[in-house]
Amino acid sequence: MSVSEAKVVTGQLANLSGNDPSGNTRDDCAVISLKHVTREYAGHGSVVRALEDATFSIVAGEWVAITGPSGSGKSTLVNMIGCLDRPTSGELKIDNINTAAMTATELDRFRADKIGFIFQQFHLIPYLSALENVMLAQYFHSMTDETEAKTALQRVGLGDRISHLPSELSGGEQQRVCIARALINNPPILLADEPTGNLDAANQKIVAELLQDLHRNGHTIVMVTHDPEMAGLAQRRIALSHGKVFCHPVGGPMVTLRRATDRL
Amino acid sequence: MTKPGLSGKLSLFGMLRRSLIHRRARSISALIAMTVSAGVATALLTLYADLDAKLHKEFRSFGANIVITAPASAPLRPDALARVQDIAGKDALAAQFAYAVATTDTGTPVVVAGTDFAAVKRLDSWWQVDSWPEPSTADAALLGQRAAQFVGNEKAVALNFAGHLITLHGVGRIKTGGEEDSRIYMPLAAFTAWTGVGPSVIELQMPGGAATVEATMARLRQTLPEMQVQPVRQLVEGESKIVDRTHALMYGAVLLIALTVAVSVLATLSASVLERRRDFALMKALGGSQMQLMGMFLLEALTLALAGVAAGFVVGSAAAWAISEGNFHTAALPHLSVLPLVFLLNVTIAAMAALFPARVLRGLQPAALLKGE
Ligand SMILES: Nc1ncnc2c1ncn2[C@@H]1O[C@H](COP(=O)(O)OP(=O)(O)OP(=O)(O)O)[C@@H](O)[C@H]1O
Ligand SMILES: [Mg+2]
């Protein structure tokens, strides 16, 4: 399936789920909700406002692309959603829980349960095999399960590469290990900061298909991308410029697909 | 929040081992530093464990540390030696001496001393004697380096004491650099038979420190009030001074080395955390708590410290053995009793050295470290 074909499928999916039987409003269903969120960095005498007064929400199962020029605050936004960073002001709710009220330890736990990260740089531990890198996420979540980790790697097409070290894998393969690691604990939210930024067209296609698969399974995906084709796969685009959200169309009807093992 | 036990292939120790092997150079340099600290501590503590015994044994070879003299011109009572030996204990060495002035065949006056060669050989083991007389030979003589010059024939030493003549068979020479060099030594029985003079001096060597020597002298004075009991002052004081100084030197060395090692371990651990900030940031992103990350890091430091203790104990014990063998001519056995102290030292060093990296870990900003660059 090509990227453009995938787009069609996604569109159909979005249409399929057009009518929301529960009748909930958008904000009720929001798995991620920002209200006047600002993030400032103090340093070198001046204050950089990386994100300014962002207010929007993302509902469960939605696939959102975050776009904008370099330095516009995309990573800042994604990191706050991932609870790696906290807003300077404003309210950020994940899964209806105000992250500002959580202690650092609670945030760590929250992150293990709710968030899967896919990085542009992959960030695999160099001395652990592909399998062990996936198991590392299990380790910090609850307990390791080799069979489950193997299945996750098979799912991303790396069944025959499980004992390879990251240095023995191609960039595309490393990114797939990263994706397997992100979904091993079945988190409701997947955050991908330029997941295809370091990949060639062929690998970008593989990753795109994997993301579509995850989307179909009901994961909420927030994806930063520079690539218009990748952005086109998402149901909705949030555009940033100079730290400001200047467009967050509530595109298409709401998605009510639920993940098979939804724990929300 | 509980962490269930680990199953599958990924364990904390497995990760630790992988991580240490992956950064071989760093691990090895930290391990070497830890081994050095444990090794030095082991060697010094092992030596310390038998230092007192060793030094005292060594001081024995310096000869007597107490001199007991009969009151002016009257000889010692016949049972004096036995009583002194009784008071001093069987570990003490004692020998008695009788002195007279005789003339040699060249007409030169010379001091002749009668003694028990076997006892003197043990007591004054530092004397340089080319060959000791057989204990059974009654007419054997040892000639002092200088005294030999006044003797015409060393094989048949003819001596005259107040008209009484005796001919001794010179079997060897003594060199001490002291007054012994001007004397001629002969067996006590033959001496007394010849001169009619009995022993007047007992030299005693007490093992132990200054306090033991003092106590023995007090008892001797009490039991034998008619005799003069005097310490050989230099040796008694010198002995304790050397022991004290050696102890101070050793503690100083341990402290200095511990500090040096702590600095080097600090540098290694800091570098090891700094270069792995991303790995730690990633673990944080995966839900690892501050405690877990700190635990992993401290476990690593502790592992290095323990490996250092193991390697250092072996190396240090070997060093102590060699030093002991070389300087005291007796081997210091490995002392397991020093292990807890060495362990404590290394763990303290590791803990101290882990303080800064632990701060780095606490201030870790996963957001800044993980975003694309
Ligand atoms: N830790 C920080 N300290 C100071 N300023 C920062 C920090 N992190 C980001 N910034 C600033 O915040 C702004 C937004 O950064 P951010 O990383 O979110 O951009 P981005 O949209 O992800 O850019 P890119 O597409 O290049 O990854 C930038 O101007 C950047 O210089
Ligand atoms: Mg970025």
Side-chain angles (χ1 to χ4, degrees), chain A residues 39 41 74-76 78-80 82-86 104-117 119-129 131-149 163 165 181-182 184-185 187 191 193-194 197-198 224, chain B residues 1-27 272-273 275-297 299-300 303 358-359 361-373:
Chain A
R39 178 65 168 101
Y41 292 109
K74 305 183 294 293
S75 295
T76 303
V78 165
N79 284 333
M80 281 192 298
C83 303
L84 289 177
D85 198 2
R86 289 183 193 253
T105 322
E106 284 168 344
L107 270 186
D108 293 332
R109 186 69 237 156
F110 191 74
R111 206 158 40 229
D113 284 339
K114 307 283 183 193
I115 317 277
F117 287 97
F119 305 98
Q120 178 180 359
Q121 254 65 36
F122 323 136
H123 294 311
L124 298 172
I125 304 286
Y127 49 86
L128 297 181
S129 69
L131 184 68
E132 288 162 338
N133 264 289
V134 175
M135 283 163 77
L136 190 65
Q138 294 178 318
Y139 175 76
F140 286 115
H141 178 262
S142 49
M143 59 166 76
T144 57
D145 180 339
E146 201 178 327
T147 323
E148 219 175 85
S163 48
L165 291 176
R181 179 180 66 190
I184 188 68
N185 297 317
L191 299 179
D193 196 345
E194 305 205 33
N198 281 350
V224 172
Chain B
M1 176 175 47
T2 54
K3 283 281 163 204
L6 297 170
S7 65
K9 247 166 61 181
L10 193 71
S11 73
L12 188 55
F13 286 98
M15 279 195 276
L16 177 68
R17 193 170 47 95
R18 243 42 109 56
S19 152
L20 287 174
I21 293 172
H22 182 69
R23 295 164 301 111
R24 263 172 236 100
R26 290 235 181 281
S27 309
S272 137
V273 160
E275 72 192 6
R276 280 186 299 159
R277 269 181 308 176
R278 264 173 207 236
D279 290 358
F280 283 119
L282 171 81
M283 292 179 190
K284 212 130 211 273
L286 294 180
S289 68
Q290 193 63 48
M291 289 257 283
Q292 279 178 306
L293 299 196
M294 202 74 91
M296 284 176 92
F297 172 67
L299 185 70
E300 184 179 310
T303 304
R359 272 186 54 183
L361 216 50
R362 206 173 313 132
L364 204 68
Q365 298 201 325
L369 288 166
L370 293 176
K371 68 181 182 192
E373 246 115 60

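We name chains A, B, ... by the order of the sequence lines, and we start the count at 1 in each one.
No side-chain heavy atom of B/Leu286 sits less than 4.5 Å from a side-chain heavy atom of A/Phe117. Residues A/Phe140 and B/Leu293 form a side-chain contact, since some pair of their non-hydrogen atoms from C-beta on lies under 4.5 Å apart. Between A/Leu128 and B/Met15, the closest side-chain pair of non-hydrogen atoms falls below 4.5 Å. Considering only heavy atoms from C-beta on, A/Arg111 comes within 4.5 Å of B/Lys284 through its side chain.
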Side chain to side chain contact (heavy atoms under 4.5 Å, CB included) between B/Leu282 and A/Arg181, intermediate numbers included: CA-CA 11 Å; B/Leu282 171 81; A/Arg181 179 180 66 190; 3.2 Å; yes

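In this structure, CZ on B/Arg23 lies 6.5 Å from OH on A/Tyr127, to the nearest 0.5 angstrom. If you take CD on A/Gln121 and CZ on B/Arg278, they are separated by 6.5 Å, rounding to the nearest 0.5 Å. Distance CZ/B/Arg276 to CD1/A/Ile125: 9.0 Å, rounded to 0.5 Å.
When heavy atoms are compared at a cutoff of 4.5 Å, B/Met291 does not approach chain A at all.
Heavy-atom minimum distance, B/Ala285 versus A/Leu84: CA-CD2, 3.8 Å. Taking both residues in full, the closest heavy atoms of B/Gly287 and A/Ala112 are given as CA-CB, 3.7 Å, listed atom of the first, atom of the second, then distance.
Counting heavy-atom pairs closer than 4.5 Å to chain B, the top-ranked of the candidates A/Asp108, A/Thr147, A/Thr76 is A/Asp108.
Side chain of B/His22 to backbone of A/Pro126: no donor-acceptor contact under 3.5 angstrom is found.
For B/Gln290, the CD atom counts as densely surrounded, since its 6.0 Å shell holds more than 12 non-hydrogen atoms of other residues, nucleotides or ligands.
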